[in-house]
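Just the heavy atoms: all of them, side chains too, but no hydrogens, waters or symmetry mates, feed the values below. Bear in mind the structure is a predicted one, so any value in this text is a computation, not a measurement.
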Amino acid sequence: MSNVLKVETPKSEPIKTGVSADVRAQLAKHLSVMLAETYMLTVKSHLYHWNVVGPLFKSIHDLTEEHYEDMFAATDELAERIRALGHRAPVNVQDGKLNLTIQLPSGGMPDAHDMIADLVESHETISAEMRDMATYAGDNSDVVTEDLLTERITFHEKAAWMLRALITE
């Protein structure tokens with residue numbers, strides 16, 4: 001989480017929710033990263049949805065559609081939580097302040113097996129990042145953020161399991 005702590009969020013607002021301003025600032029920074037990571041994984045899933053070929057086409061096509069639709073809706077929840085914490089959602093993920101781990105494919109489109117393996121890794125990565133942040137939120141009396149992240153972790157772990165099942169023999 002040390003890299004995440006370097007994130008700067010735009011203008012903050014004074015609010016009194018029982019969660020300290022410092023904790024809200026840290027959570028807004030972390031949620032900004034999770035928002036951007038979720039967007040990147042949404043786009044990656046959509047790209048794979050469009051470009052998958054082979055015997056697993058239908059399974060991957062349908063599953064990635066379910067996933068990117070869920071994650072797109074989740075971006076709104078994450079951004080709204082950042083706002084509820086008194087901060088602005090990130091404006092520019094290309095400015096280098098978000099230090100993302102989820103990356104879009106480069107060097108051409110992978111085959112179906114590699115698409116799935118990449119998506120499994122991405123879902124596991126984001127789940128682990130969210131788990132650390134959920135613990136921090138819970139330890140600092142922000143049960144709302146903890147609950148939101150618990151819901152998202154549940155989704156990402158299930159997504160990883162379902163995708164992994166497609167390529168595990």
| field | Closest non-hydrogen atom pair, Met71 against Ser45 | value | CE-OG, 3.4 Å
| Is there side-chain contact between Val23 and Leu85, with at least one heavy-atom pair below 4.5 Å? | no
| task | Taking the side chain as every heavy atom from C-beta outward, state whether Thr64 and Val52 have any atom pair closer than 4.5 Å. | result | no
| said: Ignoring hydrogens, what is the shortest heavy-atom contact between Ala25 and His87? Give both atom names and the distance. | reply: CA-NE2, 3.5 Å
| said: Taking Arg152 first and then Glu37, would you say they form a salt bridge - that is, a charged N and a carboxylate O separated by under 4.0 Å? | reply: no
| field | Exceeds 12 heavy-atom contacts within 6.0 angstrom, atom CZ of Phe72 | value | no
| field | Side-chain heavy-atom pair Asn140, Val19 within 4.5 angstrom cut-off | value | no
| Among His30, Arg81, Arg24, whose side chain to side chain donor-acceptor pair (under 3.5 Å) with Thr145 holds? | Arg81
| query | In terms of side-chain geometry, is the basic nitrogen of Asp70 or Lys158 positioned less than 4.0 Å from the acidic oxygen of its partner? | reply | no
| side chain to side chain contact (heavy atoms under 4.5 Å, CB included) partner of Ile116, chosen from Ile167, Thr168, Leu63 | Ile167
| query | Around atom CD of Glu77, are there more than 12 heavy atoms of other residues, nucleotides or ligands at under 6.0 Å? | reply | yes
| task | Could you list the residues that satisfy side-chain contact (heavy atoms from CB on, under 4.5 Å) with Val143, not counting sequence neighbours? | result | Glu146
| field | Nearest atoms (heavy-atom pairs only) where His123 meets Phe155 | value | CE1-CE2, 3.9 Å
| query | Taking all non-hydrogen atoms of both residues, which atom of Ala89 and which atom of Leu35 are closest, and how far apart? | reply | CB-CD2, 4.2 Å
